[in-house]
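The structure under discussion appears below in the form of structure tokens.
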2 protein chains.
Amino acid sequence: MASPPNFQPTAAELVILQQLWARGPLSVREIHEALDGDKPVVYTTVLKTMQIAFDRGLLTRESAGRKHVYTAAVEKHAIQENLLDGFLDRTFGGSTKGLVMRALGNGRASKQEIAELRTFLNQLDTEDDD
Amino acid sequence: MASPPNFQPTAAELVILQQLWARGPLSVREIHEALDGDKPVVYTTVLKTMQIAFDRGLLTRESAGRKHVYTAAVEKHAIQENLLDGFLDRTFGGSTKGLVMRALGNGRASKQEIAELRTFLNQLDTEDDD
DNA sequence: AGTGATCTACGAAGTATTTCGTAATTGGTG
DNA sequence: CACCAATTACGAAATACTTCGTAGATCACT
């Protein structure tokens, strides 16, 4: 069976994707305005990054008058999984348990999140393969 | 209070560190032999990477006859946490819950691991701040 | 039609990382 | 001591990614 392409957006591309995933289709200007905060970014830097992401198939776009409106062409969950797989192997030698324990052990997760995860983990049960 | 330096080893450095964390102090040759598998690596590439990691303070070394024996100078858990923090923000917008659910949802975790995590999560309880 | 603002395209410099080749040094062995 | 193999040091090319400036097109408005 054919696997989906293993898109691995770079850090700069990921910043763009986060905007599009969260807010839907956007122009370069809209994204530039959202990003140009404490750390200023030049307009054409954002433009170029989006053009590259478009060339790589991460984004689609439509002409709207003189400008382009971009849309994420890849699913957030799929990309997160791709990136996570690599990160898991590189940093935790593939140990999901190691990763999760470190993620929860650093005090960044709220009580709320922990409670939700406990529920999630309790559901996640008998349905196992390998 | 002074924070520990925020070491962020590169991918190549991390490969070296994984060896040292797992197997203790090693020479360049020993690491080269361990890595030179399906994807061949040249000896001096490994050497150079280790010299850079040494310069950056990630490794220490001792002379043993004509050769050097290297040791990890940074703690595995601390490095994993540093890298995880950045990855979490970039890829999951800082949502630990999102990360953990994706990590567990992809079917890579064994029943065994899931059971252990459930135990861990149940212990992880009242001791919360923020 | 002319002017100015906004936009896209894109080359290319800048930065970070990885990879490799060459030279010099060291240690053991005949 | 001479030689060979193993080793370190290091410059520099190769690769990947990011950033920016310039040029040219397009649109709105006068």
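Excluded from the calculations below are hydrogen atoms, water molecules and symmetry mates; all remaining heavy atoms, backbone and side chain alike, are included. Just so it is clear, the model here is predicted, and its values are computed rather than measured.
As rounded to whole Å, 11 Å separates atom P of C:dT6 from atom CD of A:Glu33. Atom CG in B:Leu35 sits roughly 14 Å away from atom C1' in C:dT18 (whole-Å rounding). Between the CE atom of A:Met50 and the P atom of D:dT19 there is a distance of 15 Å, given to the nearest Å. Atom CD1 of A:Ile52 and atom P of D:dT18 are 8 Å apart (whole Å). Distance B:Gln8 CD to C:dT17 C1': 15 Å, rounded to the nearest Å.
The side chain of A:Val42 sits closest to D:dC20 out of C:dT18, D:dC20, C:dC20.
When the side-chain nitrogen and oxygen atoms of A:Thr10 are compared with OP1 and OP2 of D:dT18, one or more of them lie within a distance under 4.0 Å. Under 4.0 angstrom from either OP1 or OP2 of C:dC20 there lies at least one side-chain N or O belonging to B:Thr45.
To the nearest 0.5 Å, the span separating OG on A:Ser27 from CZ on A:Arg66 amounts to 11.5 Å.
When only modelled atom types and interatomic distance are considered, B:Glu116 and B:Thr119 share no side-chain donor-acceptor pair under 3.5 Å.
Residues B:Glu113 and A:Lys97 share a closest heavy-atom pair of OE2-N, 3.3 Å.
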- Message: Evaluate B:Asn82 against B:Gln80 for side-chain hydrogen bond (donor to acceptor under 3.5 Å, both in side chains), listing each step before the verdict.
- Response: CA-CA 5 Å; B:Asn82 287 348; B:Gln80 286 176 333; over 6 Å; no
- Which letters describe nucleotides 1-11 of chain D, given B = protein heavy atom under 4.0 Å from base, S = only from sugar-phosphate, - = neither? ----BSSBBBB
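The ring pair (Phe, Tyr, Trp, His ring centres under 6.0 Å) contacts involving residues 16-62 of chain A comprise A:His32-A:Tyr43, where partners must be two or more places apart or lie in separate chains.
Only one option out of A:Val74, A:Leu14, A:Leu59, A:Val15 pairs with A:Pro9 in a side chain to side chain contact (heavy atoms under 4.5 Å, CB included); it is A:Leu14.
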